[in-house]
There are 2 protein chains.
Amino acid sequence: MKKAAATRLSILQKAFELIYTKGYQTTSIDDIIATTQVTKGAFYYHFKTKDEMGVAIINEILKPTLSDSFIRPLQKGQNPLTSIYNSMYELLMKNEFLKVEYGCPASNFTQEMTPWNADFNKVLKELTHQWAKEMTTTIENGKKNGFIRKDIDAKQVTLFVMSGYWGIRNFGKLENSKKVYLSYLKQLKNYLETLK
Amino acid sequence: MKKAAATRLSILQKAFELIYTKGYQTTSIDDIIATTQVTKGAFYYHFKTKDEMGVAIINEILKPTLSDSFIRPLQKGQNPLTSIYNSMYELLMKNEFLKVEYGCPASNFTQEMTPWNADFNKVLKELTHQWAKEMTTTIENGKKNGFIRKDIDAKQVTLFVMSGYWGIRNFGKLENSKKVYLSYLKQLKNYLETLK
DNA sequence: ATAAAAACATACTAATTAGTATTTTTTTGG
DNA sequence: CCAAAAAAATACTAATTAGTATGTTTTTAT
């Protein structure tokens, strides 16, 4: 029971790539098995339906990535404002898992699958809340340590920052250029400055 | 040549409703002609392909709506900061054309069709730039009239605000609740305050 | 009123879709 | 090594898809 796990993971990874670039609905099972060199029998041995595979992608591919690229960077450094800014800079400008022309995978999934698929909705909420929780904690710590004003509403700021992130990812997709990321980052910096 | 125009418009309007709620790719021509009570012959008399119809929806349905609901409210009032805030409040909380569970039509289209369809990309850029241009002008006027600091970069602020809008629309979709809109609006107000 | 063009209707096609039924191969524990 | 279970391969189905070919009806201009 080792090769099987490898096959499963291979399907999830290749399928994710296809879905990230083409969209979920327009990526067919036939597309997936063609690029993975796996047969239909193998695919349906590992996943009962296409949607089950989609949910597995979020749980087994996106969630670990979230932990590494979105959560951990927030926990580094003393000043939460620079932590947030730096993590955003890293995500938008440096991260090579995420491409400007394809936007944010979680945002894409949300746009495409919510509100019509309750299973997707559930795991996407979990994913999002995980990030939000961490950012809120970071901000609260900043308030305790004097980096951020006491009257700042951490949850509100988190929502505002995350919205900006999702939005600018969509803008990047539209413009197919990281230039918009740079403009956004400058303004994000200004905004974060006003919180101290 | 009057009835024909009505048929065409009817197709566009019904098709828009379906696409707004279900997504473009998952709305079939058969869906559209079933709900419009129009036959396939009539549909393909008015539109060469599905994509031509999609582009027509953006040009003939979304663009006029943009002018009415996004552009005009920005031109009302003296203070650009309250104009921007009020127009956002109106869009998110009052507008009955836009539903929280379905997000922003332009953002949905961008997410789903860019970067794979150049025609969609073009008209969506036009749509977006139209709004951006107006908001930038509004901010520049505010600088001249002393409502906004001279060192503020109008284009940057526009991009930041628009990103937040697109992002919170996606959040609303995920949460299926206008609560997130209210949090967002409070923080938007705070942010706009810092520009004066 | 009537011919021509515009608008619409009907019946089809070929490709693609998710999913299944059945068989074969591979892996595993004893 | 070997039976049983796991994993994978093959060949199919029924539904749906965008689009077409070929009509018929309705408008329009004269």
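Residue numbers start from 1 in every chain, and the chains themselves are labelled A, B, ... in the order their sequence lines are given, proteins ahead of strands.
Considering only residues two or more places apart in sequence or on other chains, B/Y184 meets the side chain to side chain donor-acceptor pair (under 3.5 Å) condition with none of them. By the salt bridge (Lys or Arg N to Asp or Glu O under 4.0 Å) test, B/K125 is found to be paired with no residue, residues two or more places apart in sequence or in another chain being considered. For the side chain to side chain donor-acceptor pair (under 3.5 Å) test, residues two or more places apart in sequence or in another chain that qualify with B/E193 are B/K196. Qualifying side chain to side chain donor-acceptor pair (under 3.5 Å) partners for A/K186, counting only residues two or more places apart in sequence or in other chains: none. Taking A/E101 as the reference, nothing meets the salt bridge (Lys or Arg N to Asp or Glu O under 4.0 Å) condition, with sequence neighbours excluded. Residues passing the side chain to side chain donor-acceptor pair (under 3.5 Å) test with B/S83: none are found, sequence neighbours excluded. Applying the salt bridge (Lys or Arg N to Asp or Glu O under 4.0 Å) rule to B/D30 yields the partners B/K40; only residues at least two apart in sequence or on another chain are considered.
At D/dT16, none of the side-chain N or O atoms of B/S28 fall inside 4.0 Å of OP1 or OP2 (strictly under the cut-off). In terms of phosphate contacts, B/H46 brings no side-chain nitrogen or oxygen within less than 4.0 Å of OP1 or OP2 of C/dA6.
With the end axes of the helix from C/dA1-D/dT30 to C/dG30-D/dC1 each set by five pairs, the angle from one to the other reads 20° at 10° resolution.
B/K143 and B/E140 are joined by a salt bridge, as a carboxylate oxygen and a charged side-chain nitrogen come within less than 4.0 angstrom of each other.
Near DNA chain D, meaning a heavy atom under 4.0 Å from it, residues 8-27 of chain A has no residue at all.
Remark: P of C/dA5 and OH of B/Y45 are 12 Å apart, rounded to the nearest angstrom. Here C/dA15 presents its P atom at 17 Å from CG of A/D31, a figure rounded to the nearest Å. Rounded to whole angstrom, the span from the CD atom of B/Q37 across to the C1' atom of C/dC8 amounts to 14 Å. Atom CD1 in A/I33 sits roughly 14 Å away from atom P in D/dA8 (whole-Å rounding).
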Quick one: side chains of residues 156-164 of chain A, donor-acceptor pairs under 3.5 Å with protein atoms, not counting sequence neighbours, listed by atom name and distance.
residue, atom, partner, partner atom, Å
A/T158, OG1, A/T136, N, 3.4
A/T158, OG1, A/T136, OG1, 3.0
A/T158, OG1, A/A154, O, 2.9
A/S163, OG, A/L159, O, 2.9

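The cationic atom of A/K50 (NZ for Lys, CZ for Arg) lies less than 6.0 Å from the six-membered ring centre of A/Y24 and within 45° of the ring axis.
The ring pair (Phe, Tyr, Trp, His ring centres under 6.0 Å) contacts involving residues 79-101 of chain B comprise B/F16-B/F97, where partners must be two or more places apart or lie in separate chains.
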Nucleotides 19-23 of chain D: which of its N/O atoms have a protein N/O under 3.5 Å away?
residue, atom, partner, partner atom, Å
D/dG19, OP2, B/Y44, OH, 3.4
D/dG19, OP2, B/K50, N, 2.9
D/dG19, N7, B/K40, NZ, 3.4
D/dG19, O6, B/K40, NZ, 3.0

